[in-house]
Amino acid sequence: MEFEKLQQFLKDEEAAGITALREEEEQKSQMMKEKIEKMTEEISSLSEQIRALEQELGAEDVSFLQSYKDTQDRAQCTLEDPETVSGALIDVAKHLGNLTYRVWKKMLGTVQYTPVTLDPNTANSYLSLSEDLTGVRNRDERQQVPDNPERCDGWLCVLGSEGFSSGRHCWDVEVGGGGWRAGVAKESISRKGHVDLNPAEGVWCIGLTSPGYRAMTSPPTRLTVQRKLQRVRVQLDWDRGKVSFSDPSDNTPLYTFKHTFTERLFPFFGTLETVRICPLEVFVSVK
């Protein structure tokens, strides 16, 4: 599906380029046609004057002498020499210059980059992932999926496809109105059966529960939130042992876990409805 979208984009760009080239060709052909028509009219007018002068020159001497002055005035050519028409050729550079780069840059507006994608092999059988692996929703019915060791079956959750064992990482999660969880989980977390979603079990997350917004400590810590959260920012600093959460709409801090990490951590998502990883803006710079 994604390849089909890219292929269609390139086809549309090719068609648009050909259309622009044909339009310029028609405009410049029309311009040259009008120039030629004007020159033809001027040549025709001169030809008429020449014929008239030839007739007067062939008249009897007395008649010619009487109209000599008028004939001399009309014989003066007031037309300027034809000028070379600039811009008559197709602007090849406009259509072909940096063509690949221009199309690629425009393509950035049609594609998205997300710092985290979901691993369908870890998704609970009640969850369904979007085609681009950035969104997950609860289907309320079990799907026929392999019961592989990586798959979570105790919680309605899914892990990210890439784990982190160093450095700083950040991603925004669009959360729904139903119950949800967002954070990180260690690689060795138990995937089968019920798991308490707290640091003791290797999960550092916050979420919306029936009592309200909570940091999933043991026991859970109530979060002070001024308004309903639409998005949550997760910031992992593996080396300093910090997982921080904030509201990206105004950068309001929500909660920070501190722990000395010793293994890979994976983005963690749980939902009773839907959650989605937000794309980042992509910029192009030329050096």
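All values reported here derive from a predicted model rather than from experimental measurement.
Residues passing the side-chain hydrogen bond (donor to acceptor under 3.5 Å, both in side chains) test with Arg240: none are found, sequence neighbours excluded. Shown here are the salt bridge (Lys or Arg N to Asp or Glu O under 4.0 Å) partners of Arg233, two or more places apart in sequence or in another chain: Asp172. For the salt bridge (Lys or Arg N to Asp or Glu O under 4.0 Å) test, residues two or more places apart in sequence or in another chain that qualify with Arg139 are Glu141.
Residue pairs meeting the salt bridge (Lys or Arg N to Asp or Glu O under 4.0 Å) criterion with at least one partner in residues 251-279, sequence neighbours excluded, are Glu174-Arg276, Glu187-Arg264. Listed by first and then second residue, the ring pair (Phe, Tyr, Trp, His ring centres under 6.0 Å) pairs that reach into residues 13-37 come to none, sequence neighbours excluded. The list of salt bridge (Lys or Arg N to Asp or Glu O under 4.0 Å) pairs with a residue in residues 188-217, not counting sequence neighbours, reads Asp147-Lys192.
With Ser44 contributing its side chain and Thr40 its backbone, the two residues share no donor-acceptor pair below 3.5 Å. Of the possible donor and acceptor atoms, none in the side chain of Asp119 sits under 3.5 Å from a partner among the backbone N and O of Gly160. With Asn148 contributing its side chain and Asn121 its backbone, the two residues share a donor-acceptor pair below 3.5 Å. A donor-acceptor pair under 3.5 Å is formed between the side chain of Thr114 and the backbone N or O of Val116. Between the Thr122 side chain and the Leu159 main chain, a donor and an acceptor come within less than 3.5 Å of each other.
Nearest heavy atom pair, residue Leu118 against residue Pro120, reads O-CD, 3.3 Å.
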Test log, rule side-chain contact (heavy atoms from CB on, under 4.5 Å), inputs Arg181 and Leu197:
CA-CA 9 Å; Arg181 305 286 191 278; Leu197 302 182; 4.0 Å; yes
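At least one side-chain heavy atom of Asn138 sits less than 4.5 Å from a side-chain heavy atom of Leu127.
Salt bridge absent: Lys5 and Asp132 never bring a charged side-chain N and a carboxylate O closer than 4.0 Å.
Ring geometry for Tyr213 against Trp180 counts as tilted: the plane angle lies between 30° and 60°, on a 0 to 90° scale. Using the six-membered ring where Trp is involved, His259 and Phe261 have ring planes that are tilted, between 30° and 60° apart.
Aromatic ring centroids of Phe257 and Tyr255 lie under 6.0 Å apart.
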